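Report on the following structure.
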Amino acid sequence: MDSTIQKYQALVECVRAGSISAAARKLDYSQSGVSRMIADLEREWGVQLLERGRRGARLTTDGEQILPFVEAICEDHRRLRERVAEVSGAQTGTLVIGTFSSVATHILPPVIEKFQEEHPGIEYELRMGDYSEIESWVADGLVDFGFLPYPPQVPKEGLVRESVLIDELLAVVPEGHPLAKKARIALADLCDEPFILLERGCDNEVSPLFDRAGLRPHSRLATWDDYAIMSMVENGLGLSILPGLILTRCPYRIEKRPLDPPARRELAAVHREGRLSTAARAFLDCLVTTSENGLGRRG
């Protein structure tokens, strides 16, 4: 591999990992080797890229302006290698997937297992983020494809979405709660007690449900972590609404009930139009087949 690309990758990984030592472990380089590559870039460009300290390494102001261009070069290099592999008939390369917890936990493992049987040379990087981050990664070409829920989001221009799963949104209450006696739980019933909101960045799928019904829950807690919400509900800190997918094999002492009226979301794989690699296309085809045969269409 070109030594310049190695230096660029070292910089990108230092920023993602938060330290030079962590980046060295991820790249399977020595710590001194990564430090030397960063120093080479700083000397060549005449700017300080990273601030190093006891708490790790972080970008300087100059580094923040330069990093997006370095990331783009690294991504183009990765895609170049994959294209060369495809043209030569080799089944190698890395699929970079933007995702969030429920998809990473309950959808991707069986698909990756099945895909590996026919494509053992493919490696995988799962990049976890909120909905806005994932959409930006797809639009900027930093991932091969990402997963997003619809509605309420509408894909940016130039992005294509492929439906994967219809997932029902469910009310979640502690075991033994009076609402657990109901077959379905109305949104108004969830407004009488503290409500725990699931949100990822600026996005959430629950608030619009209440807005359309003209209701306002007593939302005192909000978090992006589905499992944290389950634990809070179990401990009587409030009620919530969660996607049915994340409640699969739920380890917490909570009750889940359909909403009245029912509410659903569509999970979709999103990618840039005309920019999907052969490996990524094959993976998405495998995903659709596996989802139809194994996961079904929830909701």
Side-chain angles (χ1 to χ4, degrees), residues 12-13 15-17 67-68 71-79 81-83 93-116 119 122-167 169 198-206 224-226 242-246 264-292 295 297-298:
V12 170
E13 195 56 48
V15 175
R16 291 179 181 172
L67 182 67
E71 288 180 322
I73 292 171
C74 290
E75 180 61 20
D76 285 344
H77 181 262
R78 181 182 72 84
R79 292 184 180 279
R81 292 178 60 195
E82 289 184 353
R83 181 59 65 188
T94 301
L95 285 178
V96 184
I97 304 170
T99 186
F100 47 94
S101 56
S102 59
V103 172
T105 303
H106 298 295
I107 290 183
L108 288 179
V111 182
I112 292 175
E113 179 185 20
K114 181 179 179 180
F115 195 70
Q116 280 182 328
H119 307 272
I122 298 293
E123 298 181 354
Y124 307 85
E125 178 184 338
L126 303 186
R127 191 173 297 183
M128 308 293 287
D130 62 41
Y131 301 151
S132 297
E133 287 177 321
I134 293 170
E135 187 175 53
S136 294
W137 293 338
V138 175
D140 294 340
L142 299 179
V143 298
D144 289 288
F145 55 87
F147 291 94
L148 290 172
Y150 297 93
Q153 292 83 4
V154 176
K156 291 182 177 179
E157 185 177 355
L159 299 188
V160 177
R161 81 184 196 196
E162 300 184 26
S163 181
V164 173
L165 184 74
I166 303 300
D167 192 21
L169 299 176
L198 173 66
E199 62 179 3
R200 292 180 171 85
C202 299
D203 303 308
N204 79 76
E205 300 152 302
V206 175
W224 61 270
D225 191 294
D226 314 77
L242 290 174
L245 185 63
I246 198 64
R264 297 175 175 85
R265 66 173 184 172
E266 174 194 1
L267 289 180
V270 184
H271 55 85
R272 291 193 295 174
E273 187 172 10
R275 299 296 297 273
L276 202 61
S277 69
T278 302
R281 176 70 270 163
F283 185 91
L284 289 182
D285 291 341
C286 179
L287 167 67
V288 171
T289 302
T290 305
S291 297
E292 290 176 348
L295 293 170
R297 307 287 288 181
R298 296 178 183 274

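Bear in mind the structure is a predicted one, so any value in this text is a computation, not a measurement. FYI, side chains are in, hydrogens and waters are out, and symmetry mates aren't considered; it's all heavy atoms of this structure.
A 4.5 Å side-chain heavy-atom check between V164 and V103 finds every atom pair outside the cut-off. The closest side-chain heavy-atom distance from L242 to S102 is not below 4.5 Å. Using a 4.5 Å heavy-atom threshold, the side chains of L287 and E162 count as separate. You'll find the side chain of L95 stays beyond 4.5 Å of the side chain of I112, heavy atoms only. Side-chain contact between F100 and I134 is present, with at least one heavy-atom pair separated by less than 4.5 Å. In this structure the side chain of E75 never reaches within 4.5 angstrom of the side chain of D140, judged on heavy atoms. Between E71 and V15, the closest side-chain pair of non-hydrogen atoms is not below 4.5 Å. Using a 4.5 Å heavy-atom cutoff, the side chains of I97 and F145 are in contact.
The distance from atom SG of C74 to atom CD of E13, rounded to the nearest 0.5 Å, is 10.0 Å. Here CZ of R161 is found 4.5 Å from CD of E266. Values are rounded to the nearest 0.5 Å. To the nearest 0.5 Å, the span separating CZ on R127 from OG1 on T99 amounts to 12.5 Å. Taken from CG in L276 to CZ in R281, the straight-line distance is 5.5 Å, to the nearest 0.5 Å. One distance of note links CD1 of I107 with CG of D167; it measures 7.5 Å at 0.5 Å rounding.
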Next item on the list: Any chance you could lay out the side chain to side chain contact (heavy atoms under 4.5 Å, CB included) test for E135 and L148, step after step, and finish with the verdict?
Entry: CA-CA 8 Å; E135 187 175 53; L148 290 172; 3.9 Å; yes

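By the 30° and 60° cut-offs, the orientation of the rings of F115 relative to F283 is perpendicular.
With hydrogens and angles disregarded, no donor-acceptor distance shorter than 3.5 Å links the side chain of D226 to the backbone of I246. Within the 3.5 Å criterion, the main-chain N or O of V96 finds a donor-acceptor partner in the side chain of D144. Although no hydrogens or angles enter the test, the distance criterion places a donor-acceptor pair under 3.5 Å between the side chain of E133 and the main chain of D130.
Here the closest non-hydrogen pair linking P243 and L198 is CD-CD2, 3.9 Å. Scanning all heavy atoms of the two residues, the minimum distance from A279 to I122 falls at CB-CD1, 4.1 Å. Scanning all heavy atoms of the two residues, the minimum distance from P149 to R265 falls at CB-CD, 4.0 Å. Considering all non-hydrogen atoms of both residues, P109 and A104 come closest at CD-O, 3.2 Å. Contact detail for V138 and G146: the closest heavy-atom pair is CG2-N, 3.6 Å. Minimum interatomic distance between R79 and G141 (heavy atoms only, all atoms of both residues): NH2-O, 3.5 Å.
A donor and an acceptor atom, one from each side chain of E125 and T94, are nowhere located under 3.5 Å apart.
Listed by chain and number, the residues in a salt bridge (charged side-chain N to carboxylate O under 4.0 Å, His left out) with R272 amount to none (sequence neighbours excluded).
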